**Student:** 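Quick one: the structure is below, and I'll ask about it shortly.
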2 protein chains.
Amino acid sequence: MESVSPASADPGTVRPGGRTARVRAAVLRVAGDILAEQGFAHLDLADVARRAEVGRTTVYRRWGTVTGLVADLLLDMAEQSLPRTETGSLLGDLKANARLVQSTLADPRQGPLFKAVIAAATCEAKTAEALHHFYDTRVQEWAPCVQQAVDRGELPVGTDAQEVVRAVSAPLYYRLLTTGDPLDVAAADQAAEAAAAAARAGAYVRTAQPE
Amino acid sequence: MESVSPASADPGTVRPGGRTARVRAAVLRVAGDILAEQGFAHLDLADVARRAEVGRTTVYRRWGTVTGLVADLLLDMAEQSLPRTETGSLLGDLKANARLVQSTLADPRQGPLFKAVIAAATCEAKTAEALHHFYDTRVQEWAPCVQQAVDRGELPVGTDAQEVVRAVSAPLYYRLLTTGDPLDVAAADQAAEAAAAAARAGAYVRTAQPE
DNA sequence: TCCATAAAGGGACTCCAGTTTCATTAAGGG
DNA sequence: CCCTTAATGAAACTGGAGTCCCTTTATGGA
């Protein structure tokens, strides 16, 4: 029996202040830099430790694997989610959302970073869970816009608000990942208009579930 | 001066028959297996060579890097693209397309494989180009369905046929990558209906370009 | 059928990511 | 302010990915 403490939790959780927090911040910043500059395939923990000026041992102990590090980075990103804006109309709100997504994905640092975290999430369940949480947060932030449109009578009763919000982002991410075309404001507006039109036509009305 | 031959092309191009073809087939099959089973992060050339029962040297010489191997795999996948079906109506055609995409992405082997090649494409320009070519091929195969709908008067003149086809796939890929939700037939039908509704509303009419 | 050589393959070598062990530092409760 | 110990960090070690050099195989034209 080595200790009385009951299977002490992950390192960094008992004394999270001071140095521990500084190490985490430095490591996550460097990890984001490497992902944005060189992509997921070029991220390795030894390199992160070097560039962050932190002990290799620390990085391996606290994050263990590349995908584990990205999962923690995603938790950090989810905490910095911006509040939505409101314009008073469905199309205005959806366009505001679309332009926010578009400007993020078109940004020289953020765009490659998002590509990289999506790539990492395809490689491990825990990282995928962190990515899902990140997008759940974003979708739930914007869903009330759509619900308000339903309440105003702009959209059919029973419209799935979250699905409409996802419908705005989907074509922008699809373009980011599968084509080389630039993501411009026109693409954002088109995505918002298409989602609004489809929602008005009732395409996102929840289908009745058998109990 | 070592040889008269002018900077002989990539290995495998002068004698592509027989053994060379068998090696390529074995390597690509194993690469697909590993990507589907373990994801992009676990693909390494030495392991591929072992499982394909092929010399390590050969794999490194012909493909060089993991992303290079995936790029070749994508070329191979693009050659096996299926012809579209035609049902006579826009919604029928789009649903047929959506269900084909959905069943592919929901397949226990194909789904993870597509995730993995998308991940690989985020890591290198050449691989990204191969992925873009793959999706260009698919989109061009299905675009005529939409053009026929324009010709029949179902959709506004000037509708961007390729953009409509992409609008069908986009929500399915977005769900595959950013949520844990299952990709069922209902999701496919919803994607097709939403794209059709948005197209009817004129959301995909090409905007006039200043000359 | 035979031959020139394109392409595959075997084996030794290097280098570095990832692990382990133990010493050092500083967080945070008293 | 001090002391316990959580957490970091330095150094030695290991295994295997990736490279190099040279031999063997078999393609495809003559």
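By convention in this document, chain letters (A, B, ...) are assigned in the order of the sequence lines, proteins followed by strands, and residues within each chain are numbered from 1. No hydrogens, no waters, no symmetry mates; every other heavy atom, side chains included, goes into these values. Everything numeric in this text was worked out from a predicted model, so none of it was measured.
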**Student:** Let's see if you can work this out: which of D/dT25, D/dA11, C/dG9 has an atom nearest to the side-chain heavy atoms of B/T57?
**Tutor:** C/dG9
**Student:** Quick check on C/dG18: is either OP1 or OP2 less than 4.0 Å from any side-chain nitrogen or oxygen of A/R56?
**Tutor:** no
**Student:** From CZ of B/R24 over to C1' of C/dA6, roughly how many Å is that when rounded to an integer?
**Tutor:** 17 Å
**Student:** Mark yes or no for a side-chain to base donor-acceptor pair under 3.5 Å between A/T20 and C/dA27, with no hydrogen or angle criteria applied.
**Tutor:** no
**Student:** Does A/H132, at its NE2 atom, have more than 12 non-hydrogen atoms belonging to other residues, nucleotides or ligands within less than 6.0 Å?
**Tutor:**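 Count over threshold, so yes.
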**Student:** Taking only N and O in the side chain of B/T58, is any of them less than 4.0 Å away from OP1 or OP2 of C/dA7?
**Tutor:**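 Result: no.
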**Student:** It should be established whether B/Y60 places a side-chain nitrogen or oxygen under 4.0 Å from OP1 or OP2 of nucleotide D/dG18.
**Tutor:**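 For D/dG18, OP1/OP2 do have a side-chain N/O of B/Y60 under 4.0 Å.
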**Student:** Could you check whether B/D136 and B/Q140, counting side-chain N and O atoms only, form a donor-acceptor pair closer than 3.5 Å?
**Tutor:** no
**Student:** Quick check: on DNA chain D, is the nucleotide nearest B/D44 upstream (toward 5') of the one nearest B/R22, or the reverse? Name the residue that is more 5'.
**Tutor:**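 First, find each residue's nearest nucleotide; the 5'-ward one identifies B/D44.
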**Student:** What is the distance from CD of B/E53 to C1' of D/dT25, rounded to the nearest Å?
**Tutor:**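 It works out to 17 Å between those atoms.
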**Student:** Under 4.0 angstrom, heavy atoms only, what part of the nucleic acid is B/R50 near: base, sugar-phosphate, or nothing?
**Tutor:** sugar-phosphate
**Student:** Can a side chain N or O of B/R62 be found less than 4.0 Å away from OP1 or OP2 on C/dA6?
**Tutor:**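 Answer no for this pair, as no side-chain N or O of B/R62 is under 4.0 Å from OP1 or OP2.
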**Student:** Between B/F40 and A/F40, what is the ring plane arrangement, given parallel below 30°, perpendicular above 60°, and tilted in between?
**Tutor:** tilted
**Student:** Start at the 5' end of DNA chain D and walk down; is the nucleotide closest to B/R19 or to B/G64 reached first?
**Tutor:**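 In this pair, the answer is B/G64.
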**Student:** When you check the phosphate oxygens OP1 and OP2 of D/dG18, does a side-chain N or O of B/R61 lie under 4.0 Å from one of them?
**Tutor:** no
**Student:** Given atom CG of A/L45 and atom C1' of C/dC16, what is their separation to the nearest angstrom?
**Tutor:**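 After rounding, the gap between these two atoms is 13 Å.
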**Student:** Please report the distance, rounded to the nearest Å, between NE2 in B/H42 and P in D/dA17.
**Tutor:** 12 Å
**Student:** Before accepting this row, confirm whether a basic side-chain N of the pair B/E193/B/K95 lies closer than 4.0 Å to the acidic partner's carboxylate O.
**Tutor:**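 So B/E193 pairs with B/K95 through a salt bridge.
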**Student:** Does A/E129 CD have over 12 foreign heavy atoms under 6.0 Å away?
**Tutor:**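 Atom CD in A/E129 is not crowded, with 12 or fewer foreign heavy atoms closer than 6.0 Å.
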